[in-house]
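Order of the sequence lines sets the chain letters (A, B, ...), proteins ahead of strands, with each chain counted from 1. This structure is a prediction, so every number in the text was calculated from the model and none was measured.
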There are 4 protein chains.
Amino acid sequence: MARLSAKVRREEFIIAAARVIATTGVSGATTRKIAAEAGAPLAALHYCFESKEALFQALYEEQIKTMGESTWTIKPGIGVAETAAAMVPQLMEWYEQEPDYAQASGDLMFWSHHNDRALAELGVNAALEVMRETLRKGVSGPEERKLVEPLATLVLALTDGLLLQWLTFKDTQLRDKGVAAAMRALRCFAN
Amino acid sequence: MARLSAKVRREEFIIAAARVIATTGVSGATTRKIAAEAGAPLAALHYCFESKEALFQALYEEQIKTMGESTWTIKPGIGVAETAAAMVPQLMEWYEQEPDYAQASGDLMFWSHHNDRALAELGVNAALEVMRETLRKGVSGPEERKLVEPLATLVLALTDGLLLQWLTFKDTQLRDKGVAAAMRALRCFAN
Amino acid sequence: MARLSAKVRREEFIIAAARVIATTGVSGATTRKIAAEAGAPLAALHYCFESKEALFQALYEEQIKTMGESTWTIKPGIGVAETAAAMVPQLMEWYEQEPDYAQASGDLMFWSHHNDRALAELGVNAALEVMRETLRKGVSGPEERKLVEPLATLVLALTDGLLLQWLTFKDTQLRDKGVAAAMRALRCFAN
Amino acid sequence: MARLSAKVRREEFIIAAARVIATTGVSGATTRKIAAEAGAPLAALHYCFESKEALFQALYEEQIKTMGESTWTIKPGIGVAETAAAMVPQLMEWYEQEPDYAQASGDLMFWSHHNDRALAELGVNAALEVMRETLRKGVSGPEERKLVEPLATLVLALTDGLLLQWLTFKDTQLRDKGVAAAMRALRCFAN
DNA sequence: GATGAATGAGCGTTCATTCAT
DNA sequence: TATGAATGAACGCTCATTCAT
């Protein structure tokens with residue numbers, strides 16, 4: 001019970017941290033604000049996490065894990081071109097459904113550059129791996145295998161880039177045009 | 001310290017701010033660190049800028065301006081496909097030559113999301129406009145005009161996304177593969 | 001520093017603030033000086049009070065309360081004339097016994113004019129009410145009731161005015177002459 | 001011309017200081033605010049005055065001088081009682097006509113306690129002397145001479161005290177009642 | 001185990017003042 | 001002489017963290 005409670009508390013702090021970072025950025029995300037957002041006493045934060053940095057790491061790691069566990073609606077063997085194309089709108093949709101996580105994820109990406117390069121690399125590598133795995137599921141022929149790697153890079157770059165534009169404008173129309181263009185680019189790249 | 005024109009001083013603070021942000025991130029970029037990096041007394045910072053925030057804005061605005069003034073080696077009338085393709089390596093090269101500005105620019109992009117949304121939009125809009133203008137120079141036929149807009153979005157998204165990967169790994173080989181893939185994607189998108 | 005109840009700590013800061021204000025005036029009463037005077041770390045001040053202003057308010061409010069709780073040696077039914085006359089030396093004596101509070105009280109009176117007018121009015125109203133109440137205790141006949149209000153004003157004005165002179169010269173002889181004159185004026189005013 | 005200009009400038013700074021002190025109190029009266037209020041460059045203040053303190057002293061001295069030069073409408077030989085009584089409303093009227101000077105004067109009185117005791121004493125002594133002189137003009141018989149000293153003390157104390165109440169409430173009715181009471185007290189004191 | 005109390009370090013900013021011209 | 005430029009010192013305050021209970 002106590003063990004569980006601690007786990008639950010950790011999770012609550014992580015969620016609160018995401019919300020606060022999404023609102024104020026990393027530089028404005030103080031322990032006080034996070035504790036308040038979590039509805040927990042300030043000292044509890046350091047009871048659950050060694051430091052604020054550790055909390056941010058945990059959040060970033062969780063976001064990486066979440067991305068890995070995300071379910072993609074991909075028809076197996078549909079071909080890498082269609083698979084890659086299908087990934088873009090699905091990712092962007094997830095960003096829209098979880099705007100706090102999307103925003104915080106970007107903030108933490110840059111934060112990790114300055115505070116934990118290994119984690120930063122882990123994050124991008126994890127994302128790349130997710131792309132690869134998903135693409136592999138769609139592979140329809142042996143010669144398509146060679147396309148998995150560059151497509152993974154492309155899909156990640158495109159979705160990151162489009163996320164930036166989305167976070168800036170929050171403009172659905174603009175986003176959809178970008179998504180359509182990205183899909184077409186990926187399709188013809190792979191054909 | 002010798003008497004300097006306010007303009008020179010401002011510029012020095014801006015350069016120092018870029019370096020400090022590139023090293024520590026926005027959250028670690030304190031006025032004292034920036035002043036030390038600039039070799040100036042702390043009070044001088046507030047003599048030149050109303051606030052730390054104003055300094056960051058000035059830096060971000062300058063980066064936007066710099067991007068607009070960057071010279072592209074584009075052969076006029078070469079066609080939008082080739083133009084778009086040519087832009088990717090040129091931008092990435094600039095990022096490599098100015099790593100501090102590249103890193104700080106990313107940090108400030110997210111910082112502006114939380115502190116000055118108008119500036120954030122200005123930044124992305126400026127970048128998009130640069131892409132459009134450059135693409136227009138390469139337009140070879142009237143039917144290519146329609147491609148300028150989606151290509152601008154794509155080039156920006158791709159280069160932003162590749163910058164993220166580059167900032168994370170600083171791996172030249174990886175970057176070149178990404179650049180090659182992006183170029184191919186853009187070429188076949190436009191043909 | 002040992003663990004202290006928040007109440008005790010607050011009180012210590014208030015006393016320290018009174019001493020510092022009495023010495024340096026409000027404009028010289030910095031948080032650092034007050035904390036040093038209280039023998040407490042600077043951060044503790046802001047743990048107990050929201051701001052320096054809040055500490056000053058608390059001090060001023062306490063002084064108002066203290067004044068209300070002060071015990072007057074008044075024989076009931078002695079008549080308003082004698083009561084009013086008796087109040088002057090008693091108040092001046094208290095000022096002499098608590099010179100820091102007397103001085104700080106004057107400083108804060110003017111400080112409150114500029115920072116919290118409501119508090120300033122509260123202070124004077126509280127003082128007036130104390131005068132009224134005390135005078136009422138001395139009332140010996142129904143026709144004296146009408147004298148309570150003007151006497152309250154007069155006693156307060158006279159004691160404030162004499163306090164100013166006392167704070168300036170700290171001259172006991174001078175003060176006693178002033179007190180004697182004030183007593184005579186009040187006596188014959190009421191007869 | 002230049003000499004005159006310097007003199008004029010000094011005067012302008014003094015007037016500006018009075019206004020700023022009246023508005024913000026001594027603690028909020030910064031050199032910048034005063035210079036701005038005077039419409040003069042900041043450095044000019046230190047060109048005219050050795051320090052901010054010197055400016056405040058000059059202001060306080062001028063206020064003392066002004067008080068000495070104030071013209072009283074006193075009928076000679078009317079008797080000390082009537083003279084004293086007549087002084088109260090005249091002073092209060094002057095306070096109403098020059099609210100900034102009245103407020104600043106009070107602030108500076110307490111400021112001088114902490115920064116220049118000699119000046120503080122000078123101020124009160126000057127005020128007392130003004131009271132004495134004016135009272136002497138009204139003396140109607142030799143036996144009234146003895147009343148000049150205590151009356152001077154009383155008039156000053158009463159007007160200071162009433163000023164405090166006036167500055168706090170800015171309530172004309174209340175002030176007039178206080179003035180009436182003070183006049184009656186002075187009259188019967190001297191008869 | 002859980003938390004209110006406490007704090008050293010450092011924050012962004014403003015101050016009165018001086019200096020170079 | 002007159003002033004924009006410049007600054008050391010200090011300001012009020014908040015930070016992440018620890019400690020006593």
- Query: Tell me: CG of B/L55 to C1' of E/dT13, nearest whole Å?
  - Reply: 14 Å

- Strictly below 4.0 Å, heavy-atom distances to any atom of DNA chain F: list the hits from residues 108-119 of chain C, or just say none. none

- Query: If pairs are Watson-Crick or G-U with both distances under 3.5 Å, what is the dot-bracket string of DNA chain E, marking crossing pairs with [ ] and pairs to another strand with |?
  - Reply: .||||||||||||||||||||

- Which whole-number value in Å describes the distance from B/K33 NZ to E/dC11 C1'? 11 Å

- Note on the structure: Contacts of A/F110 meeting ring pair (Phe, Tyr, Trp, His ring centres under 6.0 Å) (sequence neighbours excluded), chain-then-number -> A/H113, B/F110

- Send over the distance from D/H46 NE2 to E/dC15 P, rounded to a whole Å. 13 Å

- Message: Could you work out, with side chain to side chain donor-acceptor pair (under 3.5 Å) as the rule, every residue matching B/R10, not counting sequence neighbours?
- Response: none

- Within less than 4.0 Å of OP1 or OP2 of E/dT3, is there a side-chain N or O belonging to A/R9? yes

- Any residue meeting side chain to side chain donor-acceptor pair (under 3.5 Å) with A/E121, in chain and number order, not counting sequence neighbours: none

- B/E12 CD to F/dA5 P: how many Å, rounded? 15 Å

- With sequence neighbours left out, write down each residue that passes side chain to side chain contact (heavy atoms under 4.5 Å, CB included) with B/A16, or none if nothing qualifies. B/I34, B/E37, B/A38

- Any donor-acceptor N/O pair, B/R117 side chain to A/T168 backbone, under 3.5 Å: yes

- Note on the structure: B/R10 CZ to F/dA6 P, in whole Å, measures 13 Å

- Message: Holding to side chain to side chain contact (heavy atoms under 4.5 Å, CB included), I want the full list of residues that pass it with C/H46, two or more places apart in sequence or in another chain.
- Response: C/T31

- Note on the structure: Of B/E50 and D/E50, the one whose nearest nucleotide on DNA chain E sits closer to the 5' end is B/E50

- To the side chain of D/A44, which of F/dC13, F/dT3, F/dG8 is closest? F/dT3

- Message: Can you list everything that forms a side chain to side chain contact (heavy atoms under 4.5 Å, CB included) with C/S51? Sequence neighbours excluded, please.
- Response: C/E53, C/A54

Donor-acceptor pairs under 3.5 angstrom involving side-chain atoms of residues 101-109 of chain B: please list them, not counting sequence neighbours.
unit_1: B/Y101; atom_1: OH; unit_2: B/E62; atom_2: OE1; d: 3.1
unit_1: B/Q103; atom_1: NE2; unit_2: B/D107; atom_2: OD2; d: 2.9
unit_1: B/D107; atom_1: OD1; unit_2: A/H114; atom_2: NE2; d: 3.0
unit_1: B/D107; atom_1: OD2; unit_2: A/H114; atom_2: NE2; d: 2.8

- Roughly, in whole Å, what's the span from CG in A/L45 to P in E/dT3? 12 Å

- Distance test, side-chain N/O of D/Y47 to OP1/OP2 of F/dA2, below 4.0 Å: no

- Which parts of residues 13-32 of chain D get close to DNA chain F, meaning a heavy atom less than 4.0 angstrom away? none

- Query: Whole-Å distance between F/dG12 P and C/K52 NZ?
  - Reply: 4 Å

- Message: Just to verify, what does B/Q63 make a side chain to side chain donor-acceptor pair (under 3.5 Å) with, not counting sequence neighbours?
- Response: none

- Task: List for me each residue that meets side chain to side chain donor-acceptor pair (under 3.5 Å) alongside C/Y47, sequence neighbours excluded, and say none if there are none.
- Result: none

- Note on the structure: Correct closest heavy-atom pair for B/P41 and B/F13 would be O-CZ, 4.4 Å

- Query: How is A/L42 classified with respect to the nucleic acid when contacts are heavy atoms under 4.0 Å: base, sugar-phosphate, or nothing?
  - Reply: base

- Where is the tightest heavy-atom contact between C/F49 and C/A58, given as atom of each residue plus distance? CE2-CB, 3.8 Å

- From CD1 of B/I34 across to P of E/dC11 the rounded distance in Å is 11 Å

